[in-house]
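Values below: all heavy atoms of this structure, side chains included; hydrogens, waters and symmetry mates excluded. Quick note on labels: first sequence line is chain A, next is B, and so on, each numbered from 1.
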Amino acid sequence: MTELLASPPDVDTGQEIGRARRRKEDAKLVNGQTLWTDSINLPGMAHFALLRSPMAHARITSVDVSAARALPGVIAAFSGADLADQLGSLPTAWPVTPEMVSPPHPPLAVDEVRYAGDAVAVVVARDRYTAADALEAISVDYDPLPAVVDLEAALAEGSPLVHADAGTNRCYVWPFAGGDYAAAKAAADVVVRRRFVQQRLLPTAMEPRAVVVDPVAASGEITVYSATQIPHVLRLMLALTIGIPEQKIRVIAPDVGGGFGSKLDVYAEEVIGVVLAQKLGRPVKWTESRSEGYQATIHGRGQIQDIEIAARRDGTILGMSVDLLADMGAYLQLVTAGVPLLGAFMYPAIYKMDAYSFTCTGVFTTKTPTDAYRGAGRPEATYAVERIIDELAHELGRDPVDLRRQNWIRHEEFPYTTIAGLTYDSGNYEAATAKALALFDYDGLRAEQAARRDRNDPVQLGIGVSTFTEMCGLAPSRVLGSLSYGAGGWEAAGIRMLPTGKVEVVTGASAHGQGHETAWSQIAADLLGVPFEDVEVIHGDTQSSPKGMDTYGSRSLVVGGVALHLAAGKVVDKARRIAAHLLEASEDDVQFDKGVFSVKGSPEAKLTIQEVALATFAAHNLPDGMEPSLDSDAVYDPENFSYPHGTHLCAVEVDTETGRSTIRSYVCVDDVGSVINPLIVEGQVHGGLAQGIAQALYEEAAYDADGNLLTGTMADYLLPSAADLPAFVTDRTETPATSNPLGVKGVGEAGTIASTPAVINAIVDALRPFGVNDLAMPATPERVWRALHGGADGGGAR
Amino acid sequence: MIPARVEYVAPHSVTEAVGALVEAGEDAKVLAGGQSLLPVLRLRMAYPSVLVDLGRIDGMRGVREEGSSVVVGAMTRHSDVIDDPLVRRYAALLASATATVADPQVRHRGTFGGALAHADPAGDLPAVAVALDAEMVAEGPGGRRTIPASEFFVDYLQTALEPGEILCEVRIPKLDGEWSAHYEKFNRTAQAWAIVGVAAAVRRSNGTIVEARVGLTNMSSTPVRARGVEAALAGASADAATVADAATRAVEGTNPPSDLSGQADYRSHLATVLTRRAVSRAAHIG
Ligand SMILES: Cc1cc2nc3c(=O)[nH]c(=O)nc-3n(C[C@H](O)[C@H](O)[C@H](O)COP(=O)(O)OP(=O)(O)OC[C@H]3O[C@@H](n4cnc5c(N)ncnc54)[C@H](O)[C@@H]3O)c2cc1C
């Protein structure tokens, strides 16, 4: 099953699937011919800007926009109260429990602001500069209320409330269990307990968010251009929240420059834009600035994880318990409440155990709302598991790789149903780990580590391992239903064979940097037997791609790609019937190979699929009653999630004098099932590694006690660049998924998930001789230095 | 963010520029490379009425030799400083430090004079100017004057330049012969500002450090000359233990800030470690 795949770029293998093609999207991107939302300028278009609260929590006692209105060039200015009736409340799609507290979320605050950055008023002006000036002319009186910043304090008796009407800061409690954890713990020889903190992160897509709304299409519909990952969901949600009939809204996601989950939302600015455009009868535009986005775009992570693992002295893991506090921020955005639940099923990870208990408490704070960020719940879970397994290994005096090997699901045990109730269809942890160890020179590095320890080298070496699996390919609709999610998880695809034999592929997935146009073309080319260049992929516009659930959660290929597979099958089936008719053969005798229909036994009788397409268009001679079209639509609802996995190894040099950690080598072997395009897979892994390493070493959205975001610009929020990252050694094993016909598993989040714990495990490994057994993230040099001097986790100071 | 409205003039001579500044009064601002000023304007942390762009004044750019000094025009871009043969030969410390500033884009716009006039204690070049005993040549309504680096940096983002005065050029005494230099910068990502930086130039003769110059970045609201370290190194034996010992005096007279990128005690610790490293590298020890 498992084999190495390493084909060099752009080699014609006679097959498109598996070929390392350069992306067809890229020429346009690198030549500046991209159509970003912000590049759209419509006749008569005005610009709007939002005045945002400088305070985390306050009552609004007055908002006066009259001076702003009076400025030359200003078209309109409104307070939250002025527009409250039209704006309604922003939607949340995931009521995780029937009792969940789901407070109203006005796009413009009316009586109270609940996080620094909450919008209180809007101005519309002739240009962006005038709009920015007008904001300064608005006067707002605030009556400060206490900030709610700390998750535990927020739950304590007598804490100030984020939403006074709710009577609590507890958003929900979501328990889940498999087996009897108390019994497992009682039977255990060793119980290790840890608290890990998932710091908040600021998603930083290359393209900031932007919205353009055109209210005046000839057909009477309203067109919303948005830098969004979810044009289809956005259309539905705008219809439901503003009450515009769904058929009267068209949403277009033009070229979108990254999202990582931060554009998987229905935002205040989208709703405000629609209302303003309608009210004023002219197009409007809003584009966030970077520092504005750091407050007004969702944040990622934000959890406190209390995790306990129970094991026998021989290393057998018996059970695990997890108690989570998840920071919702001030309001529930689209899937805020559900993000931790995507992690709930992943704590048992690749390990066998008899008992698992999980509780998540969602907590409101006066901070920017959180929501899905690359990996959404699964990186958090993987971090806690992979960290605590290392602690268990240390406790038992075992090699961390060895302890993992003892407990993981062996490849002959698939399909395997975990204690969390998921059925992993396939995997081969042995193969991926063996390959990673060989590439890494594990034994050599351990020897060097010992030598450095012996000679008290000021630069110590640490080795970190992390395995992972994730449930992706979101998601089987019935599972989403059982988790109370508001929609299904299917995906749609369509194929149109044009008279000239060219192909239009319509997908409901909404690419924003992933390379779907290339990958979908490769799939269609192989399945239809047409040249790659003849395929055009259409996406991101609810008019031309009317049906879809969009792109997030490593789902596009695993769900949308399979929908394409089904659609292609329908086209080939119909073309076969037409070919049989034209060739005067029995349908059963017509075979299809590489775009050619031929009759068994008479090799000269054949038709290309292009010839069939033309004949279908002409419709002069079709079977009786057959519709003259060679198009098809398919919707695929997966029966199971997919489960990519991998083994990541990281060697870190820690300068004990300064506390600086430098990654010396990083090896990962991922198994994402069958590969459509190895170059795209490689790109996804590299980007994911960078983001995961960034959480370990660099990024943190820091708040002060008053709820002010301290890292509100890129000067304070540290994003690593290529210069800060090592050359990654990446490789793959390929264990095809058995749950879908393409054998694919999804790669969008893999690198992000495994790299964070690999790095922290390496640093802790380097520092064990100094009595250090944990480090708060990001493991800044100062934190490491303090940990070295205090023997603690360095969490106290930043 | 979106800056507020501002007038813009681009004079062709220093005299004209001074005239423009005087005419506009207190709210005028000099614009050099814009790499510090424009972010301030975009965040609306300042509302100057006029920007006086020095970019069209030819005489302010470039490096020349004048007797025992290297003279660097205030408008010389960081990227040109790094590659300049005179700077590399006589003021290697400046080249070493400038190479660590920001990223290539910023270095192709930001200027030496702008970095000094901005007087950010986290900037890498003020400590170099102080260590090398540079002299700032400024021109204002009252004519030209020369300000020693030791008096130029007054406080956080504050220099001895008077309103209406322009920093024209910087005279750096040549370090000729057996001098070698190294700037040791400690930051978290390649493009980040220094948490602490140490600028060291050392004249070594055989086994002895004859003389050393050491300046510290981000250890006070102004750059700090580490006189104690210099005194301990003068005439000392060029070995690791001696240098380590001397480096412990780096914190003398400093008043390091505590902020998001480091608490004061950590900065003090770093100053000692980095001083040892900077001097050792410069003196080719270890
Ligand atoms: C992303 C980024 C990272 C950076 N990282 C670093 C770093 O690591 N280390 C570092 O040292 N610097 C760093 N900088 C700052 C950079 O070096 C700037 O170029 C420098 O600080 C200012 O130079 P400038 O020519 O851009 O000046 P400007 O921004 O144009 O001006 C800065 C200030 O100095 C005044 N001024 C400028 N020239 C004169 C003059 N001749 N006479 C009188 N007043 C004058 C201006 O009025 C203004 O107040 C960074 C900048 C950016 C944008």
Side-chain angles (χ1 to χ4, degrees), chain A residues 47 49 73 125 127-136 287-293 458 655-662 694 697-700 702-704 709-725 778-786 788-789 794 796-798, chain B residues 1-6 35-36 38-45 47 99-100 102-106 120 122-123 184-198 240 244 247-248 256 258-278 280 286:
Chain A
H47 295 253
D127 58 75
R128 241 192 132 175
Y129 291 84
T130 307
D133 290 343
L135 293 183
E136 298 189 332
T287 302
E288 76 180 2
S289 74
R290 193 59 79 173
S291 46
E292 182 180 24
D655 179 342
T656 59
E657 289 188 320
T658 62
R660 184 197 292 286
S661 305
T662 308
L697 294 179
Y698 302 112
E699 296 185 28
E700 175 174 33
Y703 278 88
D704 70 12
L709 179 63
L710 299 173
T711 51
T713 72
M714 281 184 161
D716 300 309
Y717 188 76
L718 281 196
L719 292 166
S721 67
D724 302 299
L725 296 163
T780 64
E782 182 171 3
R783 276 194 174 131
V784 170
W785 177 75
R786 288 196 193 281
L788 278 165
H789 291 269
R798 192 161 177 276
Chain B
M1 295 282 277
I2 308 294
R5 189 183 175 81
V6 61
Q35 298 304 290
S36 296
L38 291 191
V40 166
L41 299 189
R42 291 172 70 86
L43 292 166
R44 296 198 173 209
M45 282 158 33
Y47 294 81
T100 72
D103 53 44
Q105 278 124 310
V106 172
D120 188 332
E184 182 78 19
K185 176 172 181 168
F186 193 84
N187 54 4
R188 283 179 55 203
T189 59
Q191 326 180 27
W193 295 78
I195 298 174
V196 174
V198 178
T248 59
S258 280
D259 56 31
L260 211 53
S261 50
Q263 298 295 304
D265 61 336
Y266 180 57
R267 282 200 160 92
S268 294
H269 167 77
L270 283 180
T272 305
V273 173
L274 302 178
T275 298
R276 192 194 75 220
R277 291 182 183 178
S280 302

Side chain, backbone, both or neither of B:Pro3 within contact of chain A (heavy atoms, under 4.5 Å)
both
Report the relative orientation of the aromatic rings in B:Tyr266 and B:Phe186; use parallel for angles under 30°, tilted for 30 to 60°, perpendicular for over 60°.
perpendicular
Under 4.5 Å to a heavy atom of chain A? For B:Leu43 that would be side chain
Indicate yes or no: does A:Arg128 engage A:Asp133 in a salt bridge with an N to O separation below 4.0 Å.
no
Between CZ on residue A:Arg290 and OG1 on residue A:Thr713, distance to nearest 0.5 Å:
11.5 Å
Check this for me, if you would: do B:Arg276 and B:Glu184 make a salt bridge, where the nitrogen-to-carboxylate-oxygen distance has to be below 4.0 angstrom?
no
Which atoms of B:Arg42 approach chain A - backbone, side chain, both or neither, heavy atom under 4.5 Å:
neither
In sequence, state the C-alpha distance, the side-chain angles, and the governing distance for A:Arg783 and A:Glu700, and then conclude on salt bridge (charged side-chain N to carboxylate O under 4.0 Å, His left out).
CA-CA 13 Å; A:Arg783 276 194 174 131; A:Glu700 175 174 33; 3.6 Å; yes
Which bit of A:Thr658 is near chain B, if near means a heavy-atom gap under 4.5 Å: side chain, backbone, both or neither?
both
Side chain, backbone, both or neither: which part of A:Asp704 has a non-hydrogen atom closer than 4.5 Å to chain B?
neither
Which bit of B:Asp265 comes within less than 4.5 Å of chain A, counting heavy atoms only: side chain, backbone, both or neither?
both
Any donor-acceptor pair under 3.5 Å linking the side chain of B:Asn187 with the backbone of B:Ala192?
yes
For A:Glu136, is it the side chain, the backbone, both or neither that has a heavy atom under 4.5 Å from a heavy atom of chain B?
side chain
Most contact-rich option vs chain B, by heavy-atom pairs under 4.5 angstrom, among A:Ser721, A:Ala132, A:Ser291, is A:Ala132
